[in-house]
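Report on one structure; see the data block that follows.
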Amino acid sequence: MEIAVNILTQNPCYAVRKKISVKGLMLHSVGCSQPSAEVFVKSWNSPNAAKACVHAFIDGNTGKVYQTLPWNHRAWHCGGKANDTHIGVEMCEPACIKYTEGAGFVCTDYDAAMAVVKRTYDAAVDLFAYLCEQYELDPEEDGVIISHKEGHDRGIASGHMDPDHLWNGLQCGYTMEGFRRDVKAAMAHEKQDALTNTAAPSEMSVSDRGVELVAKFEGCRLEAYKCPAGVWTIGYGHTNGVNPGDRLSSEEEARTLLKKDLEKYSGYVNNCVKKGMITFSLNQNQFDALTSFCYNCGNGNLQKLVSGRDAATIAEKLLLYNKGGGKVLAGLVRRREEERALFIT
């Protein structure tokens, strides 16, 4: 499962910033012949968007998950009380269906439609298994995983029929009962994999892209100098054992020192993972961005930034570390923006 974090920061729902205590998950489908999640992400990321916002879209062409709100953010996804308790996820629908009236539609290419439906179904199973693990939910407990239609039947959502109408209309055999069973099975499979994998988690290392990001903002000076804090510094911010009059032979030597220094700061990021401060799996871009942040702001601020937060919240809060001496500094603003851009890529 691939999750791309694309928070709809311009959507009015995000501006409210109301949190929920997650009690369940609601499965939707978009109700139009549009398989591309990016289309919805772009159109909904606007202050003029309709009063609707969900936590994620699942792309019909790739199965990729586009997270559009922090998971514990109150969304406007169902038009009822379930907004206060449930995460809402939309599955995109095939391009080869055409709606006729209400929830009715015709399909011009059954095989193509089923490929999209299977792709979104499988991705939804994986995503819901992941979220049930995160929030300690039992997928087969009453009311934990429901469709929009089931939410309406319970009186906690508006009168929509999704995604039951899509599966029934295509006569594909998918049902919400089967979906809940599949989520439960996926969770059991993940637990079994964890039990049989006795190898210790491997530590990550900063990539060349991460090194370049740090080097860009640190700048390189081959002769020792005193930084604003009065510490003798050389190269790309190297301070250990630096004395007045020290000189490096080349930027290549300075880059070697930087890579050695970054081993220490990438170690701080790995420690946050080991200690459970970071509760999600880091990809390489996220790891590089946090290593750059730590090199600039220190281990204490790194721990403060990541502790108990999801990826979307970390990306949001990272931008706040842009001050020096109590004043917003343009260089730090640019650095945080680039670190965030790398983090969410």
Side-chain angles (χ1 to χ4, degrees), residues 3-60 64-93 99 103 120 124 127-128 131 134-135 146-152 154-163 280 305 308-322 328 333 336-337 340-341 343-345:
I3 300 179
V5 180
N6 289 264
I7 303 302
L8 304 179
T9 56
Q10 301 303 310
N11 189 287
C13 178
Y14 179 80
V16 175
R17 295 174 184 253
K18 185 174 180 179
K19 303 297 175 62
I20 64 170
S21 177
V22 177
K23 303 297 183 184
L25 316 171
M26 182 175 285
L27 186 63
H28 302 262
S29 62
V30 295
C32 62
S33 53
Q34 178 53 262
S36 173
E38 289 187 353
V39 170
F40 293 100
V41 172
K42 290 177 181 178
S43 64
W44 287 28
N45 194 25
S46 166
N48 299 318
K51 193 174 181 180
C53 197
V54 297
H55 292 91
F57 290 92
I58 300 176
D59 191 275
K64 184 176 179 179
V65 177
Y66 288 76
Q67 183 184 355
T68 46
L69 284 176
W71 300 121
N72 65 343
H73 194 118
R74 185 181 186 273
W76 300 336
H77 65 90
C78 71
K81 292 181 179 179
N83 282 337
D84 298 320
T85 54
H86 283 59
I87 290 172
V89 176
E90 292 270 9
M91 297 182 294
C92 291
E93 297 186 12
Y99 279 88
T120 56
L127 176 61
F128 276 46
L131 291 172
Q134 291 291 307
Y135 290 98
I146 57 177
S147 67
H148 196 159
K149 177 185 181 299
E150 290 175 327
H152 172 65
R154 290 169 175 264
I156 58 174
S158 58
H160 287 238
M161 304 296 289
D162 57 302
F280 55 92
L305 172 66
R309 289 172 170 167
D310 61 19
T313 304
I314 291 172
E316 175 189 349
K317 297 297 184 182
L318 191 150
L319 297 176
L320 301 179
Y321 292 80
N322 60 6
V328 174
V333 170
R336 297 290 91 85
E337 288 175 345
R340 180 184 181 277
F343 187 87
I344 66 176
T345 301

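Values below: all heavy atoms of this structure, side chains included; hydrogens, waters and symmetry mates excluded.
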Shortest non-hydrogen separation from [X] to [Y] and the atoms involved:
X	Y	result
A49	S43	CB-O, 4.3 Å
H86	L25	CD2-N, 3.3 Å
T120	G60	CG2-CA, 3.7 Å
C53	A75	O-CB, 3.1 Å

Pairing donors with acceptors under 3.5 angstrom, does anything connect the side chains of S33 and E93?
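Not at all, the side chains of S33 and E93 share no donor-acceptor pair under 3.5 Å.
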Could you tell me whether a side-chain N or O of [X] sits under 3.5 Å from a main-chain N or O of [Y], the two making a donor and an acceptor?
X	Y	answer
E150	S147	yes
N11	W44	yes
D59	C92	no
N83	C78	yes
E90	V30	yes
T313	R309	no

Measure the shortest side-chain to side-chain distance between [X] and [Y] over non-hydrogen atoms and say whether it is less than 4.5 angstrom.
X	Y	answer
M26	I87	no
Y66	I3	no
H28	H77	yes
I314	F280	yes
I7	V5	yes
H55	W71	yes
V54	L69	no
K81	T85	no

What's the separation between atom [atom1] in [X] and atom [atom2] in [Y], rounded to the nearest 0.5 Å?
X	Y	atom1	atom2	value
Q134	N72	CD	CG	11.5 Å
L319	R336	CG	CZ	9.0 Å
M161	S29	CE	OG	11.0 Å

K149/D162 ion pair, N-O < 4.0 Å:
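Salt bridge: no.
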With sequence neighbours left out, what residues match F40 under ring-ring contact (aromatic ring centres under 6.0 Å, His included)?
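With sequence neighbours excluded, F40 shows a ring-ring contact (aromatic ring centres under 6.0 Å, His included) to F57, given in chain and number order.
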Any residue meeting ring-ring contact (aromatic ring centres under 6.0 Å, His included) with F343, in chain and number order, not counting sequence neighbours:
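Listed in chain order: nothing, the list is empty.
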Whether Y14 and H73 hold their rings parallel, tilted or perpendicular, with breakpoints at 30° and 60°:
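Parallel: the ring planes of Y14 and H73 meet at under 30°.
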As a test of understanding, state which of K23, K19, R74 forms a salt bridge (Lys or Arg N to Asp or Glu O under 4.0 Å) with D84.
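Considering K23, K19, R74, a salt bridge (Lys or Arg N to Asp or Glu O under 4.0 Å) with D84 is found only for R74.
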Set out, in order, the CA-CA distance, both residues' side-chain angles and the distance that settles side chain to side chain contact (heavy atoms under 4.5 Å, CB included) for Q67 and N6, then state yes or no.
CA-CA 6 Å; Q67 183 184 355; N6 289 264; over 6 Å; no
Could you check, using the six-membered ring where one of them is a Trp, whether H160 and H152 have ring centers closer than 6.0 angstrom?
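Ring centres of H152 and H160 not closer than 6.0 Å.
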Carefully, step by step, assess L27 and I146 under the rule side chain to side chain contact (heavy atoms under 4.5 Å, CB included).
CA-CA 6 Å; L27 186 63; I146 57 177; over 6 Å; no
